[in-house]
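If you read the sequence from its start, that first residue is 1, and numbering goes on from there. Note that these values count all heavy atoms, side chains included, but never hydrogens, waters or copies made by symmetry. For ligands, and for the atoms within them, numbers begin at 1 and follow the listed sequence.
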Amino acid sequence: MARTKLVAGNWKMHGDIAANQTLLNALKAGAAGSRAAMAVCVPFPYLAQARSALAGTPIAWGAQDVSRHAQGAYTGEVSATMLKDFECRYAIVGHSERRAYHGETDELVAAKADAAIKSGLIPIICVGETLAEREGNITAAVVTRQLDAVVSCIGAAGLAKSVVAYEPVWAIGTGKTASPEQAQEVHALIRARVAAVDAHVAAGLQILYGGSMKPSNARELMAQPDIDGGLIGGAALVAADFLAIGAAA
Ligand code: PGA
């Protein structure tokens, strides 16, 4: 099955209204040169700005997290329906920074993916091993555990409405990229694991690579058979770099 590629930016906790506007304007102006579908996942306060800048353009927008709860006394949380109110298409869930700094468990990540899907958002579900886990030769076990928690919660039907991102923690923001072979190996493992549940869903599943993807390595990474795009941190803050990655897809 031919899968379209997706290049999604994860702005993390960067930006201000003026800088965002410059970046969004440049992305809008260059979007036609992208071979991939493009999206930006911005901090919550800037969703309205992203919507007004990007509505009617080919670039989608989304958030970097979402609550597992539909509504209620959950101070500081943002629900999937609120994100839909701002016409988000995507919500990242389970980013390694949320897992590491906010204690998000596999079970919570799966519940967030479920909440996103139930509101019509597409969760970008992040999985990936730390350096210690890679060096301990448990990459496959870790990624499988993270993925299985999601599969048992949302099933193949949920995965059909999701995107998965493989982000080796040791490659995030470090300038150390997984080699195309290292990344492909894990992407193939993810696809095979999903195929064991539903081959059709596995064949259509977009699996993004994230971790120091940049214009100089994007083409080689995205040329791998199971790499369907990128989740881009640092390079998504530089319009020319982000657009170049889209053009390399
Ligand atoms: P990076 O971040 O591209 O800056 O390594 C990727 C991510 O954390 O999603």
Could a heavy atom of [X] be found less than 4.0 Å from some atom of ligand 1?
X    : answer
G173 : yes
C126 : no
K12  : yes
G211 : yes

(request) With heavy atoms of A171 as the reference, note each atom of ligand 1 found under 4.0 Å away. (result)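 Checking each atom against A171, I get 5 (O).
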
(request) Taking only heavy atoms of H95 into account, list the atoms of ligand 1 that are under 4.0 Å away from them. (result)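 So the answer, numbered in order with elements, is 7 (C), 8 (O), 9 (O).
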
(request) Classify the contact between S96 and ligand 1 as side chain, backbone, both or neither, using a heavy-atom distance cut-off of under 4.0 Å. (result)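 Near ligand 1, S96 shows nothing, with every heavy atom at 4.0 Å or more.
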
(message) Heavy-atom pairs closer than 4.0 Å: do any link ligand 1 to the side chain of N10, the backbone, both, or neither?
(response)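 Side chain only.
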
Would you list the atom pairs, donor with acceptor, under 3.5 Å between side chains in residues 228-249 and any protein atom, with sequence neighbours excluded?
{"from": "D228", "atom 1": "OD1", "to": "R3", "atom 2": "NE", "distance (Å)": "2.9"}
{"from": "D228", "atom 1": "OD1", "to": "R3", "atom 2": "NH2", "distance (Å)": "3.4"}
{"from": "D228", "atom 1": "OD2", "to": "R3", "atom 2": "NE", "distance (Å)": "3.2"}
{"from": "D228", "atom 1": "OD2", "to": "R191", "atom 2": "NH2", "distance (Å)": "2.8"}
{"from": "D228", "atom 1": "OD2", "to": "I207", "atom 2": "N", "distance (Å)": "2.9"}

(message) Is there a path of hydrophobic side-chain contacts, each under 4.5 Å between heavy atoms, that joins M222 and M38?
(response)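 Yes; tracing contacts between hydrophobic side chains, which count when under 4.5 Å, links both residues.
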
(message) Let me check something: do V93 and Y101 share a hydrophobic cluster, defined by ILVMFWY side-chain heavy atoms less than 4.5 Å apart, either directly or through other members?
(response)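 Hydrophobic grouping puts V93 apart from Y101.
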
(request) Using modelled atom types only, decide if a donor and an acceptor are shared between the side chain of E107 and the backbone of A149 within a distance under 3.5 Å. (result)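 Answer holds: no.
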
Shortest protein heavy-atom distance from [atom], along with the residue and atom involved:
atom                   : value
atom 4 (O) of ligand 1 : G234 N, 2.8 Å
atom 6 (C) of ligand 1 : G233 N, 3.5 Å
atom 7 (C) of ligand 1 : E167 OE2, 3.2 Å

Is the closest side-chain donor-acceptor distance between [X] and [Y] under 3.5 Å?
X    : Y    : answer
E129 : Y166 : yes
H95  : E167 : yes
D226 : Q184 : yes

(request) Please determine if E104 and K112 form a salt bridge, counting it only when a charged side-chain N lies under 4.0 Å from a carboxylate O. (result)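 Yes, this pair counts.
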
(request) Compute the shortest N/O to N/O distance between T174 and ligand 1 and return yes if it is under 3.5 Å, no if not. (result)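 By distance alone, the answer is no.
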
